[in-house]
Chemist: 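Just passing along the structure, written as structure tokens.
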Amino acid sequence: MLAALDPDAYTVIPVGITRDGAFVLEENDPAKFALNASALPVVADNGTRVRWPESASSRELTVVDASGERTLGPVDLIFPILHGPFGEDGTIQGMLDLLGLPYVGSGVLASALGMDKHFAKTVFQQAALPVAPWRTITADDWVTAPGLAYAALEQLGLPAFVKPARAGSSVGVSRVSTPDQLTEAMTVGLAEDNKVLIESGLVGRELEIAVLQGRPGEPTRASTAGEVVVTGRDFYDFAAKYLDAPGVDLVCPAPLAPEELAEVQRLAIAAFEAIGGAGLARVDFFLTATGWVINEINTMPGFTSISMFPSCWLASGYTYPKLIDELIAVAIAHARHGS
């Protein structure tokens with residue numbers, strides 16, 4: 001969903017995107033999109049069509065419905081509340097850049113890097129940031145030379161994780177404990193993307209840090225840490241993240257020594273800056289026996305009542321409304337500053 005906002009009056013124009021890619025004018029009713037365990041919310045095609053400005057010289061949105069075409073007024077800011085491909089991967093950000101519409105969050109490059117685990121890890125390595133060993137296998141590799149995947153598994157050791165390179169929220173992720181599980185894991189992963197990562201399984205605590213960009217001239221900030229404690233699942237999967245499935249406890253603030261917290265906050269900000277992030281991000285880590293390891297970065301993290309990003313900032317002194325206000329204010333400040 002996209003939200004267009006006037007920063008003075010906070011007038012919200014909720015724009016939904018259907019599965020077919022149609023932009024529709026939605027009801028301003030958050031309850032309509034509440035998460036529940038039985039079904040995820042879906043944007044239905046209600047017959048309306050939101051029209052974007054014809055050029056960067058205008059910020060006026062219009063809508064076509066049964067009564068004809070009418071204006072929705074000029075827009076000051078877009079809040080792209082979108083996950084996954086075509087949402088947080090730089091594609092919608094590129095469209096907004098072409099239209100000259102400012103928005104909350106990272107731009108094209110940082111969004112694309114954050115979405116692609118292979119290239120994010122490559123950038124982190126270049127910035128001397130710690131990442132887990134991995135090998136990337138394409139769909140063509142799996143068809144023409146499957147031995148590459150088995151060799152990677154042998155080299156990386158068991159257990160390992162197979163992950164689609166460009167699918168968020170743990171979609172398509174499998175834990176591989178024996179070599180005979182690799183075929184199914186590759187099938188599941190390649191159903192979501194045409195390349196997957198095979199990563200070494202890490203032993204350690206799983207912790208997450210929320211990051212907020214400062215206004216122009218101000219430093220990036222990092223929250224206190226939250227910890228994912230897996231008690232009855234193989235890992236922190238989609239159902240646990242969004243449907244509050246049992247077997248995972250979220251602890252925020254996480255029990256860390258002051259020097260441990262300071263170091264993971266430093267690494268989170270360094271990861272955010274390494275990809276050229278803007279606005280916000282959540283950086284996920286493992287604390288192993290040999291130190292911190294970055295798992296991934298998410299440039300448009302979840303905002304549900306059970307999501308770690310708002311929970312970490314709540315524990316750091318930001319209420320949910322204050323957090324939204326801050327994201328809007330930072331985005332507008334950078335747009336006016338031309339940064």
Side-chain angles (χ1 to χ4, degrees), residues 83-85 87-90 109-204 206-208 228 230 233-238 240-241 267-268 271-272 274-275 277 281-286 288 292-301:
H83 292 292
E88 59 180 315
D89 62 354
L109 178 60
S111 297
L113 285 173
M115 190 71 190
D116 192 311
K117 295 178 178 66
H118 169 82
F119 286 107
K121 287 162 76 79
T122 300
V123 169
F124 293 154
Q125 274 193 332
Q126 183 65 26
L129 297 172
V131 297
W134 88 98
R135 297 292 182 273
T136 299
I137 306 294
T138 68
D140 286 343
D141 291 336
W142 182 239
V143 171
T144 61
L148 292 173
Y150 284 95
L153 192 66
E154 182 176 357
Q155 184 177 18
L156 294 169
L158 295 170
F161 283 87
V162 175
K163 303 178 178 181
R166 294 164 296 194
S169 303
S170 299
V171 173
V173 176
S174 299
R175 186 176 189 272
V176 175
S177 301
T178 61
D180 60 3
Q181 295 175 337
L182 182 60
T183 295
E184 182 179 357
M186 292 294 293
T187 300
V188 170
L190 290 172
E192 303 296 333
D193 194 9
N194 62 7
K195 63 181 179 181
V196 302
L197 276 67
I198 302 177
E199 284 185 354
S200 294
L202 297 176
V203 177
E206 187 172 352
L207 295 110
E208 301 181 353
V228 179
V230 180
R233 308 180 79 82
D234 285 340
F235 59 94
Y236 189 31
D237 59 11
F238 181 90
K241 287 181 179 180
L267 290 171
F272 181 75
I275 67 166
R282 191 196 69 241
V283 189
D284 302 345
F285 294 87
F286 286 98
T288 71
W292 293 101
V293 177
I294 297 174
N295 184 30
E296 63 180 53
I297 187 168
N298 190 311
T299 57
M300 188 51 72

Chemist: Is there a donor-acceptor pair closer than 3.5 Å between any side-chain N or O of Lys117 and the backbone N or O of Ala167?
Modeler: yes
Chemist: So, taking the atom named CD in Glu206 and the one named CZ in Phe285, what distance separates them when rounded to the nearest 0.5 Å?
Modeler: 12.0 Å
Chemist: Closer than 3.5 angstrom, by distance alone: can the side chain of Lys121 be matched with the main-chain N or O of Ile294 as a donor-acceptor pair?
Modeler: no
Chemist: So which atom in Val293 and which in Val131 form the shortest heavy-atom distance, rounded to 0.1 Å?
Modeler: CG1-C, 3.5 Å
Chemist: Which heavy atom of Trp292 sits nearest a heavy atom of Pro130, and at what distance?
Modeler: O-CG, 3.1 Å
Chemist: State, to 0.1 Å, how close Gly172 and Pro164 come at their nearest heavy-atom pair, and which atoms those are.
Modeler: O-CD, 3.3 Å
Chemist: To the nearest 0.5 angstrom, please state how far the CD1 atom of Ile297 sits from the CD1 atom of Ile275.
Modeler: 4.0 Å
Chemist: Identify the two heavy atoms, one from Pro85 and one from Asp89, that lie closest to each other, and give their separation to 0.1 Å.
Modeler: CA-OD2, 3.5 Å
Chemist: Identify the two heavy atoms, one from Gly114 and one from Thr299, that lie closest to each other, and give their separation to 0.1 Å.
Modeler: CA-CG2, 4.3 Å
Chemist: To the nearest 0.5 Å, how far apart are CD1 in Ile137 and CD1 in Ile198?
Modeler: 5.0 Å
Chemist: So, the side chain of His118 versus the backbone of Leu197: is there a donor-acceptor pair under 3.5 Å, distance only?
Modeler: no
Chemist: Is the shortest heavy-atom distance from the side chain of Pro179 to the side chain of Leu158 under 4.5 Å?
Modeler: yes
Chemist: Could you go through the side chain to side chain contact (heavy atoms under 4.5 Å, CB included) check for Leu148 and Arg135 one step at a time?
Modeler: CA-CA 9 Å; Leu148 292 173; Arg135 297 292 182 273; over 6 Å; no
Chemist: Quick one: does Asp284's side chain have a donor or acceptor within less than 3.5 Å of a partner on Asn295's backbone?
Modeler: no
Chemist: Between CG of Asn194 and CG of Asp141, what distance do you get to the nearest 0.5 Å?
Modeler: 10.5 Å
Chemist: Kindly give the heavy-atom pair with the smallest separation between Met300 and His83, and that separation in Å.
Modeler: O-CE1, 2.8 Å
Chemist: Give the table of side-chain donor-acceptor pairs shorter than 3.5 Å for residues 183-190, with sequence neighbours excluded, one pair per line with atom names and distance.
Modeler:
unit_1	atom_1	unit_2	atom_2	d
Thr183	OG1	Tyr150	OH	3.0
Thr187	OG1	Thr183	O	2.9

Chemist: Which distance, rounded to the nearest 0.5 Å, do you find between the CD of Glu296 and the CZ of Arg282?
Modeler: 6.5 Å
Chemist: First locate atom CH2 of Trp134, then atom OG of Ser200, and finally report the distance between them rounded to the nearest 0.5 Å.
Modeler: 11.0 Å
Chemist: Taking atom types as modelled, is there a side-chain donor on Thr138 or Asp140 under 3.5 Å from an acceptor on the other?
Modeler: no
Chemist: Do Asn298 and Glu88 touch side chain to side chain, with heavy atoms closer than 4.5 Å?
Modeler: yes
